[in-house]
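As structure tokens, the structure follows; a few thoughts come after it.
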Number of protein chains: 2
Amino acid sequence: MIIDSHAHYTTAPPELDAWRGRQLGTMNRPTPGSLKLSDDRILESLQAPIARMDALGIDAMIFSPRASGMGHEIGDARASLYWTQLNNDLIARACSLAPTRLVPAGQLPQSPGVSPANCVEEARRCLDDLGFVGFNVNPDVAAGGQPFTPAMSDEWWYPLYEALSDFDVPALIHASATANPALHMNGSHYTSADAAVVFDLCWGDLYDRFPDLKLVVPHGGGSAPFNWNRHRALHVQHGKVPFEERVKKVFFDTAVYDADAMEMLIRKVGPDNIIYASEPFGTAKSTDPETGRPFDETIEFVTGIDWLSPDDRDKIFAGNLLRLYNRIDASRVGRQEVGS
Amino acid sequence: MIIDSHAHYTTAPPELDAWRGRQLGTMNRPTPGSLKLSDDRILESLQAPIARMDALGIDAMIFSPRASGMGHEIGDARASLYWTQLNNDLIARACSLAPTRLVPAGQLPQSPGVSPANCVEEARRCLDDLGFVGFNVNPDVAAGGQPFTPAMSDEWWYPLYEALSDFDVPALIHASATANPALHMNGSHYTSADAAVVFDLCWGDLYDRFPDLKLVVPHGGGSAPFNWNRHRALHVQHGKVPFEERVKKVFFDTAVYDADAMEMLIRKVGPDNIIYASEPFGTAKSTDPETGRPFDETIEFVTGIDWLSPDDRDKIFAGNLLRLYNRIDASRVGRQEVGS
């Protein structure tokens with residue numbers, strides 16, 4: 001079984017962004033319940049993603065709101081909450097229409113300068129009422145602007161970490177858009193945020209305080225495998241717990257699009273901390289003119305690693321994810337075989 | 001011959017930072033000429049770097065002010081200018097005391113929200129009066145704060161690019177400190193800035209406008225080799241000139257500390273666009289407990305690449321640099337042999 005841990009609802013019907021436009025463009029803010037979409041309209045929007053999963057050979061995927069759309073920096077905390085509830089409700093409906101293929105994960109009502117304690121109630125609603133299995137957490141709530149977001153290891157985040165630990169639910173640390181004109185969202189901002197998060201999670205004592213925290217860094221950690229010894233050297237110089245020890249608490253997804261980067265990632269991080277992701281219909285959905293194949297066809301990058309045992313391969317494709325996201329009932333997801 | 005293209009004067013006498021403290025801490029700003037240091041004092045501060053060069057087997061290096069110390073975001077444009085002049089004067093003196101080993105490069109009086117046209121005069125002074133061969137340019141003038149610095153491809157930078165092209169002098173695009181608490185200067189900020197710069201330089205038409213611009217991105221491009229196909233995929237999706245074509249205009253230094261990252265960098269970028277750097281007495285000066293050797297001993301990472309021809313190896317160690325930094329007189333640098 002292959003589960004893709006990282007897919008956003010990038011094909012959502014335009015009514016979703018139209019609601020957002022009304023929310024941000026008027027003083028008469030719509031409430032989440034005011035988005036009306038038929039099941040057929042939602043099913044239609046899922047056809048392309050599910051066809052893509054079939055083509056890629058992906059049995060199921062964790063399906064969350066569009067990362068760039070989270071936009072926590074825009075509007076106030078109430079605007080963020082309403083938009084978040086709306087997106088989470090829509091994810092729940094979409095996943096309920098394809099329950100063996102799409103597993104729901106949510107966004108949270110983060111807001112610049114507001115303690116992430118405000119996220120706990122919505123997280124509980126998603127878990128208890130909507131059957132969610134994880135969350136996306138934006139490490140850069142103000143989108144690079146001010147008030148700057150404290151580093152992920154800062155105590156500012158502790159209320160959220162306490163809740164995530166209590167719920168025993170993982171979080172994918174995924175940035176949203178950026179206000180910084182020197183960054184390109186897909187081309188540099190996401191991966192730079194990833195790299196900064198990996199460094200920061202390993203630099204301090206966060207995992208001593210929250211030993212059960214399950215955080216996943218997307219896109220192969222941005223650049224952590226490439227800069228492995230840069231991290232190690234700084235840990236040595238500053239008398240820190242060795243980087244290679246700290247990093248064993250961090251999980252990485254495989255949304256990288258080079259065979260050699262995939263191999264480097266799995267070799268340096270180790271197969272136990274890797275969960276498969278190709279982020280289908282995301283950044284790398286175009287076709288490589290050199291190979292004639294879509295850039296996001298990366299399953300063979302994993303199966304092609306000759307030193308990787310079949311057991312480790314299975315862990316990367318599904319085992320580690322099912323261990324981490326323990327709210328998923330493995331018997332209920334995956335492509336239905338004929339007669340099953 | 002091995003020339004290290006990227007070394008900062010991190011061992012400068014404390015009188016330098018004391019001057020800065022007086023500059024920023026008083027209304028009675030000192031002028032650059034007020035820093036008094038004897039030749040002996042400067043020579044003493046160069047002993048460790050030169051001993052380290054000897055130990056590493058580096059013949060000469062391009063020597064510039066401490067990157068973290070540039071601090072363009074602090075104080076106004078006049079403060080930046082005085083601090084810059086002071087640092088450049090000191091670099092000139094240091095290099096004049098070890099002229100076969102240290103080759104001077106400067107910082108520029110960048111200031112948030114101020115057109116980089118203000119840098120041209122100081123650049124000319126450094127080239128004409130001080131014999132400099134290149135400059136460090138900070139891509140993030142406000143240190144992540146506001147006013148945000150336009151992307152490196154933005155027309156805001158054109159006056160500087162026109163001057164660099166006219167002078168036919170290279171620039172190392174190197175960030176200084178950051179105000180963003182989620183970033184660690186050496187652990188994530190520098191390399192993230194590098195990655196964003198590579199993306200941005202290749203995304204637009206900058207090199208069509210400035211075909212002779214010679215920009216070097218440090219630290220192996222931050223993460224560009226690791227995320228190569230991420231860049232390629234986005235270029236295809238958005239109908240851009242192919243990334244692999246655009247990137248042939250960008251130069252990368254080798255300040256990475258993993259053998260496999262070094263190999264990946266040289267393989268993907270190609271030997272013609274790589275200039276050697278270990279950034280001695282910088283980020284990776286500590287000793288790897290696994291090997292018992294300093295992390296920044298990276299010459300063997302290059303000589304150990306079995307597919308690299310001797311010619312290409314020589315290009316990486318000195319040839320490309322001498323071609324790029326054409327103000328260096330190759331016959332006048334390098335370790336002096338006995339009797340020479």
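Letters go in sequence order (proteins before strands), and every chain restarts at 1.
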Chain B contact via A/Glu244 - side chain, backbone, both or neither, heavy atoms under 4.5 Å: side chain
Using only atom types and a distance under 3.5 Å, with no angle test, would you say the side chain of [X] pairs donor to acceptor with the backbone of [Y]?
| X | Y | answer |
| --- | --- | --- |
| A/Asn273 | A/Lys248 | yes |
| A/Ser176 | A/Ser68 | yes |
| A/Thr10 | A/Arg66 | no |

Please state whether the side chain, the backbone, both or neither of [X] comes within less than 4.5 Å of a heavy atom of chain A.
| X | answer |
| --- | --- |
| B/Phe243 | neither |
| B/Ser153 | neither |
| B/Met264 | side chain |
| B/Tyr257 | both |
| B/Thr149 | backbone |
| B/Ala193 | neither |

If you count heavy-atom pairs under 4.5 Å between each of [options] and chain B, which one has the most?
| options | result |
| --- | --- |
| A/Val256, A/Asp288, A/Asp260, A/Leu183 | A/Asp260 |
| A/Ala284, A/Gly222, A/Pro242 | A/Gly222 |
| A/Thr287, A/Asp200, A/Val236, A/Leu265 | A/Val236 |
| A/Lys268, A/His235, A/Arg230, A/Gln237 | A/Arg230 |

Within the 3.5 Å criterion, strictly below it, is a donor on B/Arg209 or B/Tyr161 matched to an acceptor on the partner's side chain? no
Within the 3.5 Å criterion, strictly below it, is a donor on A/Asp4 or A/Ser278 matched to an acceptor on the partner's side chain? yes
Max heavy-atom pairs within cutoff under 4.5 Å with chain A, candidates B/Arg267, B/Arg232, B/His189, goes to B/Arg232
Most chain A-contacting option - heavy-atom pairs closer than 4.5 Å, from B/Ala195, B/Gly145, B/Ala179: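 Of the options given, most contacts go to B/Ala179.
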On the 0 to 90° scale, with breaks at 30° and 60°, tag the B/His8-B/His6 ring pair as parallel, tilted or perpendicular.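 Perpendicular, since the angle between the ring planes exceeds 60°.
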Fit a plane to each ring of B/His219 and B/Tyr190, take the angle between them on a 0 to 90° scale, and name the class: parallel (under 30°), tilted (30 to 60°) or perpendicular (over 60°).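 B/His219 vs B/Tyr190 ring planes: parallel.
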Run A/Gln110 and A/Cys119 through side-chain contact (heavy atoms from CB on, under 4.5 Å) and show every step you take. CA-CA 7 Å; A/Gln110 300 174 256; A/Cys119 297; 3.7 Å; yes
B/Val250, B/Val198, B/Leu201 screened by side-chain contact (heavy atoms from CB on, under 4.5 Å) with B/Leu215, the one that passes: B/Leu201
